[in-house]
Amino acid sequence: VCGYDINPVVKTYIDNKSIPYKELYVDELLPKSHIRFAEIDDVVKQSDIIFVPVQTPHDPLYEGCTPLPTTRVDFNYDALVSAIKNLSDSVDNNGQEKIVVIISTVLPGTIEKYIKPVLSNKIKLCYNPFFIAMGTTIKDFLNPEFVLFGVDDLDAANYVEGFYSTLHSKKVFRTTIKNAELIKVAYNTFIGMKIVYANTIMEICHKIGADCDVVIDAISLADERLISPKYLRGGMGDGGGCHPRDNIAMSWLAKMLNLSHDYFEDLMLAREHQTEWLAFLCAEPQRPIYILGKSFKPETNIQTGSPSILLFNILYSRGFNVDIFDPHTDGLEKFNEKFSKIEGNS
């Protein structure tokens, strides 16, 4: 396996067999891997399949760490389009047909509108978005619920599916590229819906004196007419690089398509209102407030879209005495220093 990135720092990650954030299994597996960094022409020349995981970022205002802006925007596709242009030039220079698999998250219609106009006619294209979460990327990649394929070229799809059969025996779902684009963001936003629902149950339980975990445990048993228990737990809102930004992008799409109702905005507003409610609970005792944990979930130190940072920002903006820290991001020395402060105030 060889990889290319326009950022030269990535080469140091590959050479040093380490990455600057916490990711499950990386410390165990990366030192044993044979992955290497190469120039783009070498990647094209030596690869049977070229995966393109270039980011499609949102402005930090739309990541979910701060209160929701009134505007809605699509993802930014500049980096992805630029990467496809560079890759297409290299494929043309190489002179041979190549299978290219885009895995970036995009809204439906993006590949047709932005990617195909700059795509080399020597590229056989597939769209194969991964259902992975930052912090557990390796685990999620090797153990997917299913593999999603947006197919433009049947031969290319068959070849890539053959590659996946060497990793696992999970179901492959083939469809059009436009369908696959929508399936990816529909999947992500469905998770956000589950979390909003569970947190609604949590608030009801808090106000009537019921046990949220017991209620959710019972609902989770209904795995035929309802859904699996995963993500169905009362607590913080969703976060990360896919949540809640996908809801915001889908809200933008809802407005562009003039949908009869913007369901995705409802989810984002519910996420924020539920965090405001948690802030209200924290502020009730009128004592110093300490938030333990900055990451968006337990398995990583990545803070993108962190609901705990959103909680901090809401409390801070309202003038409360609040602090936030995490031993994985601030270091144990600083964590222990702040923990001693907590004990002093307890």
Side-chain angles (χ1 to χ4, degrees), residues 1-14 19-21 23 35 37-44 47 49-65 69 71-93 98-120 122-123 125-135 137 141 148 150 152 177-178 180-182 184-185 188 239-253 256 296 300 302-305:
V1 177
C2 58
Y4 167 76
D5 198 292
I6 60 171
N7 184 354
V9 174
V10 176
K11 185 178 187 302
T12 65
Y13 301 157
I14 301 301
I19 58 176
Y21 56 89
E23 180 78 35
I35 187 172
F37 194 88
E39 293 302 320
I40 189 168
D41 290 340
D42 293 331
V43 170
V44 169
S47 297
I49 305 170
I50 302 170
F51 289 92
V52 180
V54 174
Q55 67 272 28
T56 53
H58 244 154
D59 185 286
L61 285 173
Y62 301 94
E63 286 182 351
C65 289
T71 55
R72 301 290 177 266
V73 294
D74 191 0
F75 305 132
N76 186 312
Y77 302 115
D78 292 347
L80 178 59
V81 172
S82 177
I84 293 297
K85 285 180 179 177
N86 292 342
L87 179 59
S88 291
D89 289 343
S90 186
V91 169
D92 284 337
N93 292 336
K98 289 290 177 178
I99 296 174
V100 171
V101 182
I102 295 176
I103 69 172
S104 312
T105 300
V106 301
L107 288 187
T110 298
I111 289 178
E112 180 179 330
K113 183 176 181 180
Y114 295 111
I115 301 302
K116 288 188 175 180
V118 301
L119 196 68
S120 167
K122 293 185 180 298
I123 286 178
L125 184 67
C126 290
Y127 181 57
N128 170 217
F130 294 172
F131 297 103
I132 55 177
M134 294 185 300
T137 301
F141 174 72
L148 175 61
D152 239 16
I177 286 181
K178 193 170 291 186
E181 290 171 318
L182 180 55
K184 167 61 177 176
V185 287
N188 285 353
C242 295
H243 314 257
R245 71 169 206 143
D246 287 10
N247 270 310
I248 294 174
M250 289 292 278
S251 178
W252 173 85
L253 182 63
M256 293 300 101
F296 78 96
T300 183
I302 298 171
Q303 300 174 40
T304 306

Working to the nearest 0.5 angstrom, can you tell me the gap between L253 CG and L107 CG? 5.5 Å
Could you grab the distance from atom SG of C126 to atom CD1 of I50, nearest 0.5 Å is fine? 12.5 Å
With the side chain counted from C-beta on, respond yes when T71 and Y62 share a heavy-atom pair under 4.5 Å apart, and no when they do not. yes
Between D246 and F75, is any pair of side-chain heavy atoms under 4.5 Å apart? yes
Derivation of the side-chain contact (heavy atoms from CB on, under 4.5 Å) call for I40 and N86: CA-CA 8 Å; I40 189 168; N86 292 342; 4.2 Å; yes
Heavy-atom distance under 4.5 Å between the side chains of I102 and I84, does that happen here? yes
Please give me the minimum heavy-atom distance between T304 and C65, naming the atom from each residue. C-SG, 4.4 Å
Give a yes or no on whether Y114 atom OH has more than 12 heavy-atom contacts from other residues, nucleotides or ligands under 6.0 Å away. no
T110 OG1 to E181 CD distance, which is reported to the nearest 0.5 Å: 5.5 Å
Step-by-step side-chain contact (heavy atoms from CB on, under 4.5 Å) determination, T12 to F37: CA-CA 9 Å; T12 65; F37 194 88; over 6 Å; no
How about T137 and F130: do any of their side-chain heavy atoms sit closer than 4.5 Å? no
Mind checking the CE-CD spacing from M134 to E23? Nearest 0.5 Å is all I need. 9.0 Å
Take atom CD1 of I6 as the centre, draw a 6.0 Å sphere, and report whether it contains more than 12 heavy atoms from other residues, nucleotides or ligands. no
Flag side-chain contact, heavy atom, 4.5 Å: V52 against V101: no
Heavy-atom side-chain proximity of P129 to T105 below 4.5 angstrom: no
Shortest non-hydrogen contact from P117 toward I111: CD-O, 4.4 Å
Answer whether the closest heavy-atom distance between the side chains of I302 and F296 falls below 4.5 Å. yes
With a 4.5 Å limit on heavy-atom distance, are the side chains of K116 and D152 in contact? yes
Non-hydrogen atoms of S104 and T56 that approach each other most closely: CB-CG2, 4.0 Å
Taking all non-hydrogen atoms of both residues into account, name the closest pair between F51 and N128 and its distance. CE2-OD1, 4.0 Å
How far apart are the closest heavy atoms of S47 and K98, and which atoms are they? O-NZ, 2.8 Å
